[in-house]
Amino acid sequence: MNSALMLRTSLFLAAAFLLSPEAGLAQDQTPLAGTGNQQGTAQGAPIRLTLQDALNLARKNNTQYQAAVTTAGLAREDRTQARDALLPSVAYNNSAIYTQGAGATQAKNTGFPVVFIANNAVHEYVSQANIHEAIDVASVAAWRRVSAAAAVARAQAEIASRGLVVTIVQGFYNVAAAQHKLETAKRGADEGDRFLKITQELEHGGEVAHSDVIKAELQMQDRRRQLQEAQLMLLNARLDFSVMIFPDFNDNFEVVDDLHAAIPLPTLAEVQQQAARDNPNIRAALAAVQEANHDVLGARAGYLPSLALDYFYGIDALHFAVNTAVGNQKFSNLGSSVVGSLNIPIWNWGATQSRIKQAELRRAQAKRELSLAQRTLLAEMRSLYAEAETALNEQEGLRRSAELAEDSLRLTTLRYTKGEATVLEVVDAQTTYALANAGYQDGAVRYRVALANLQTLTGVLTTP
């Protein structure tokens, strides 16, 4: 009987060694920490990233954010082009007109030297500078409308920037939390191995039943599965974060772990003041209303006359030359002219009135969206602040729970070795420790993300 018991004990020990975290890591090389170290050896020292470093990289390389920045840049150039259209333009026109002649006899009889009488001469050369200016209320309204659209695009780029902060903060601290969870899973796996050995030793001494050994082995297997899941979670968190911040694939980095650093929560009054002054959603909605107002003005300008002025200076002569010789005298071909055109709209079958109605409908919708943005800001401000406040208040409790769960596991295991606790109590203590520690890490991430969400309203990122 003793020989059979010793044989079983030997088999359990061998299985524990083969399934231990160290043996598993040596066999499959799946843990991210090992992978990062290997790549760091091959590629050099890993990049050490702070949260601000990650934000700077993301702003340079994130496609969606750069698309918003590009849109704002295009809108800014549209504004420049609309402004330049209001200023006088200068062009230099050159042309030569060759007309079929009427013939000497016909010209002598009729007095007309050309067939196409609209032309000034058989050969006409034009080389003139033209200064053009148009005075049009619609063009002024269009410039103002494009200026407001540029303001909308700038606000949208700011919205994208603040949304990017939330994404990066969540990804950054997900990596940090996954690292903590992996360490906890390793300790849990080690504790499962140690508890299995304790039960085997107690069974060998006849102090506990074999069912305790079975339960301990099941618990050990469960802890090993949790370790593998923690390794996979860290791997996925790092890969997701790498895709967000690097222009090419790179997992040779490490994050500065300040997950549990103390960060104060600003007061609600401070948040309200900053949000009222710096909220990009409100700025975008206000600029959209201004854009709609200018659109209405531009449509109404269709009822008003427009004035165009042109000043010409140069050559409009029979020869392509500055001077023309007639006999022994030279005459200058240079001259100037001014053309003024006044266009007065009379009738266009109601097209102008229809454009005005369209613009007024868009303006009414823009005002409704502004009202919605203001109400949404007030609701989001209270909701996000309450979320951050709740997460902050729960942090101390979660930390204390993790400490108590660790201490409870130690004491329960000690009581079990003295025969004062059951195997189920130990298993329950191990499970409680794993859940409490995971809750502590998740609570810290929740507070960081809540602060980042507040930043989308205030524009101020709270950092340690």
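Values below: all heavy atoms of this structure, side chains included; hydrogens, waters and symmetry mates excluded. Start at 1 with the first residue, then count along the sequence.
Within the model, atoms CG of D428 and OG1 of T412 stand 8.5 Å from one another, a figure rounded to the nearest 0.5 Å. Rounding to the nearest 0.5 Å places CZ of F249 at 5.0 Å from CG of L239. Atom CZ in R382 sits 8.5 Å away from atom CG in L268 (nearest 0.5 Å). Here the CG atom belonging to L424 is positioned 9.0 Å from the OG atom belonging to S211, to the nearest 0.5 angstrom.
Under 3.5 Å, the side chains of Q358 and R355 contain no donor-acceptor pair of N or O atoms. Of the N and O atoms on the side chains of R375 and S371, at least one donor lies less than 3.5 Å from an acceptor on the other residue. For the residue pair H180/D257, the side-chain donor-acceptor check at 3.5 Å is satisfied.
Residue pairs meeting the ring-ring contact (aromatic ring centres under 6.0 Å, His included) criterion with at least one partner in residues 363-401, sequence neighbours excluded, are absent. Applying the ring-ring contact (aromatic ring centres under 6.0 Å, His included) test to every pair with at least one member in residues 396-432, sequence neighbours left out, gives these pairs: F195-Y416. Here ring-ring contact (aromatic ring centres under 6.0 Å, His included) pairs that include residues 435-456, with residues two or more places apart or in two chains, are H260-Y440. Sorted by first then second residue, the side-chain hydrogen bond (donor to acceptor under 3.5 Å, both in side chains) pairs that include residues 159-171, not counting sequence neighbours, are E158-R162.
With hydrogens and angles disregarded, a donor-acceptor distance shorter than 3.5 Å links the side chain of N61 to the backbone of L57. In this structure, D53 contributes its side chain and T50 its backbone to a donor-acceptor pair below 3.5 Å. A side-chain donor-acceptor contact under 3.5 Å links Q66 to the backbone of R59. In this structure a side-chain-to-backbone donor-acceptor pair under 3.5 Å is present from N393 to E389.
Residues N281 and T376 form no side-chain contact, since every pair of their non-hydrogen atoms from C-beta on lies 4.5 Å or further apart. In this structure, the side chains of L196 and V213 come closer than 4.5 Å at one or more pairs of heavy atoms.
Every ring pair (Phe, Tyr, Trp, His ring centres under 6.0 Å) that F246 has, sequence neighbours left out, goes to F253.
Checked for salt-bridge contact, R225 and D222 meet the test: a charged N lies under 4.0 Å from a carboxylate O. Under a 4.0 Å N-O distance rule, the pair R400/E396 does not qualify as a salt bridge. Comment: E360 does not engage K357 in a salt bridge, judged by the lack of any side-chain N to carboxylate O separation of less than 4.0 angstrom. Look at R410 and D407 and you find a salt bridge, because one of the NZ, NE, NH1 or NH2 atoms lies within 4.0 Å of a carboxylate O, short of that distance. A salt bridge does not link K186 with E183: none of the charged nitrogens is closer than 4.0 Å to a carboxylate oxygen. Taking the charged nitrogens against the carboxylate oxygens, K181 and D442 do have a contact shorter than 4.0 Å, which makes a salt bridge.
Counting heavy atoms of neighbouring residues, nucleotides and ligands inside a 6.0 Å radius, atom CD of E403 exceeds 12 of them.
Results of the side chain to side chain contact (heavy atoms under 4.5 Å, CB included) test with R223 over Q219, Q221, M220 single out Q219 as the only residue that passes.
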Which side-chain N or O atoms in residues 139-155 pair as donor and acceptor under 3.5 Å with protein atoms at least two apart or in another chain?
{"unit_1": "S147", "atom_1": "OG", "unit_2": "R79", "atom_2": "NE", "d": "3.2"}
{"unit_1": "S147", "atom_1": "OG", "unit_2": "W143", "atom_2": "O", "d": "2.9"}

